[in-house]
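This report concerns only the one structure given below.
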Amino acid sequence: MTGSKTSDRGFRVPQPPARPGEAPDFSNFDFGEPGKLPLLDAEAPVEAFEPFHDGLLRVLDMDGKAHGDWASMVSEEDLKEALTAMIRTRAFDQRMMRAQRQGKTSFYMQCLGEEAIAVGCALALRDGDMHFPTYRQQGILFVNGIDPEAMMNQIYSNKKDPLEGKQLPVLYSFKDNGFFTISGNLGTQWPQAVGWAMASAIKGDDKIAMAYIGDGATAEGDWHQGNLFASVYRAPVILSVVNNQWAISTTSAFAGADKNTFATRMASYGLPALRVDGNDIIAVIAATRLAAERARAGLGAVAIEFLTYRGGAHSTSDDPTKYRPKEELGSWPLGDPLDRLKQHMTVSGLMTDEEIAALEEAAEKEMREAENRAEEVGLVHAGEGADPAKMFEKVYEEMPGRLLEQKKEAGF
Ligand SMILES: Cc1ncc(C[n+]2csc(CCOP(=O)(O)OP(=O)(O)O)c2C)c(N)n1
């Protein structure tokens with residue numbers, strides 16, 4: 001995919017395909033054709049997954065039409081639910097991006113262009129299953145019934161923050177809703193998801209886990225350990241790499257993406273692996289559903305690489321115009337996941353433009369009202385903040401003597 005600089009002693013430094021001022025270049029991708037790869041049975045042998053290691057599972061074409069047998073795994077109801085959740089996710093992101101710029105919070109991370117992945121995966125799993133997300137899968141929360149105000153309270157670190165002001169904005173925890181506590185340390189959730197799945201299997205439960213990791217974070221040792229354990233123990237876990245091609249300013253080639261696909265690399269651990277158009281909601285739901293059926297049936301872990309493009313800045317602390325062409329997002333051949341789904345809904349007669357516009361208006365209103373409520377409680381530097389006395393709590397289940405002393409010293 002990308003070029004690289006090689007010294008005469010062979011030392012190699014990967015380079016992105018284009019820098020600011022250069023034309024975007026996605027010529028090294030082979031996207032294949034929608035509908036071409038055969039539908040797999042959940043019990044298919046591992047070898048049946050081979051065409052999906054370098055190939056790309058696609059259902060929707062770029063005109064919004066669905067192709068091939070994988071489409072049969074996704075219902076009209078799924079698509080309506082997905083559309084609503086993706087619209088809400090984007091509306092939430094837009095509002096929180098603005099809130100950060102207005103100084104209402106210190107930090108935010110959006111998932112622009114990646115909404116179909118989290119939303120599609122959440123739709124394919126069941127209540128009781130556990131997602132082990134990164135900071136870019138907020139779409140799960142919009143499927144799993146979390147009140148956006150609770151998320152905003154966390155982002156504002158106010159009195160109603162469910163995490164009592166202890167976490168950086170967006171590092172949510174909603175375990176009762178299948179959303180495991182996010183950690184700032186990249187990659188740690190990957191083997192933890194495998195362990196959670198092993199526990200489910202040991203207990204004879206049919207619940208499964210799903211792990212997410214960014215392309216950059218696959219360079220962490222945790223990725224390799226998780227892959228190995230998932231394969232060796234045949235843990236009921238879905239291991240998904242969200243390949244958005246960038247890790248802050250770093251090209252995915254630094255994580256090995258220009259040598260082999262992430263699907264191929266996970267297959268090398270003996271895992272059945274699929275590579276999926278992450279901007280195609282039907283492909284995302286269908287692939288994850290197949291993986292979930294397989295894991296639930298006791299046939300072990302499944303790996304998925306979702307290919308996408310990080311549409312926005314890495315975070316509100318990042319300026320991508322310093323390291324990639326401005327036009328790159330608009331040139332990404334797999335387009336925008338929300339626009340593609342909207343187009344599919346209208347092209348296939350499932351919804352009208354007016355109905356979609358009404359959903360967008362409702363989401364805008366919902367987020368505005370949630371923000372007003374959260375703001376009334378408090379912002380990061382205004383109103384009622386989280387109680388500082390709580391900082392001493394939950395370090396241990398019971399507060400040890402020396403912490404109690406510190407708490408008293410601090411005047412609480
Ligand atoms: C162990 C560790 N190393 C470095 C960082 C700093 N860091 C935060 S996000 C990030 C980039 C991650 O990129 P990627 O995994 O591709 O995910 P994306 O942000 O693109 O979704 C880095 C290096 C960290 N949080 N944890």
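Each ligand, and each atom within it, is numbered from 1 in the order the structure gives.
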Open item on the list: I want to confirm something. Looking only at heavy atoms, which of Trp223, Trp246, Tyr135 is nearest to atom 20 (O) of ligand 1?
Closed with: Trp246
Open item on the list: So, regarding Ile248 and ligand 1 (criterion: nitrogen or oxygen to nitrogen or oxygen, under 3.5 Å), is there a contact or not?
Closed with: no
Task: Top protein contact for atom 14 (P) of ligand 1, by heavy-atom distance - done: Gly216 N, 3.6 Å
TODO: Enumerate the atoms of ligand 1 whose separation from the nearest heavy atom of Arg136 is less than 4.0 angstrom.
DONE: 18 (P), 19 (O), 21 (O)
Task: Numbering as shown, the atoms of ligand 1 that approach Asn244 to under 4.0 Å (heavy-atom distance) - done: 18 (P), 20 (O), 21 (O)
Open item on the list: Parallel, tilted or perpendicular, judged at 30° and 60°: which one describes the rings of Phe92 and Tyr108?
Closed with: tilted
TODO: Check each atom of ligand 1 against the heavy atoms of Gly184 and keep those under 4.0 Å away; list them by number with element.
DONE: 24 (C), 25 (N), 26 (N)
Task: Structural part of Leu186 in contact with ligand 1, heavy atom criterion under 4.0 angstrom - done: both
Open item on the list: For atom 13 (O) of ligand 1, what is the closest protein heavy atom, and at what distance to 0.1 Å?
Closed with: Ala247 CB, 3.2 Å
Task: Result of checking Val59, Asp61, Ile282 against His67 for side chain to side chain contact (heavy atoms under 4.5 Å, CB included) - done: Asp61
Task: CG on Leu37 to CG on Leu56, rounded to 0.5 Å - done: 8.0 Å
- [ ] Indicate yes or no: does Arg265 engage Glu305 in a salt bridge with an N to O separation below 4.0 Å.
- [x] no
Open item on the list: Assess whether a salt bridge exists between Glu360 and Arg90, defined as any Lys/Arg side-chain N lying under 4.0 Å from an Asp/Glu carboxylate O.
Closed with: no
Open item on the list: I need the Arg95 CZ to Glu366 CD distance, nearest 0.5 Å.
Closed with: 11.5 Å
Task: Salt bridge present between Asp319 and Arg324 (N-O < 4.0 angstrom) - done: no
Open item on the list: So is Glu220 touching ligand 1 or not, going by heavy atoms under 4.0 Å?
Closed with: yes
- [ ] List the closest protein heavy-atom neighbour of atom 15 (O) of ligand 1: residue, atom name, distance to the nearest 0.1 Å.
- [x] Ala217 N, 2.9 Å
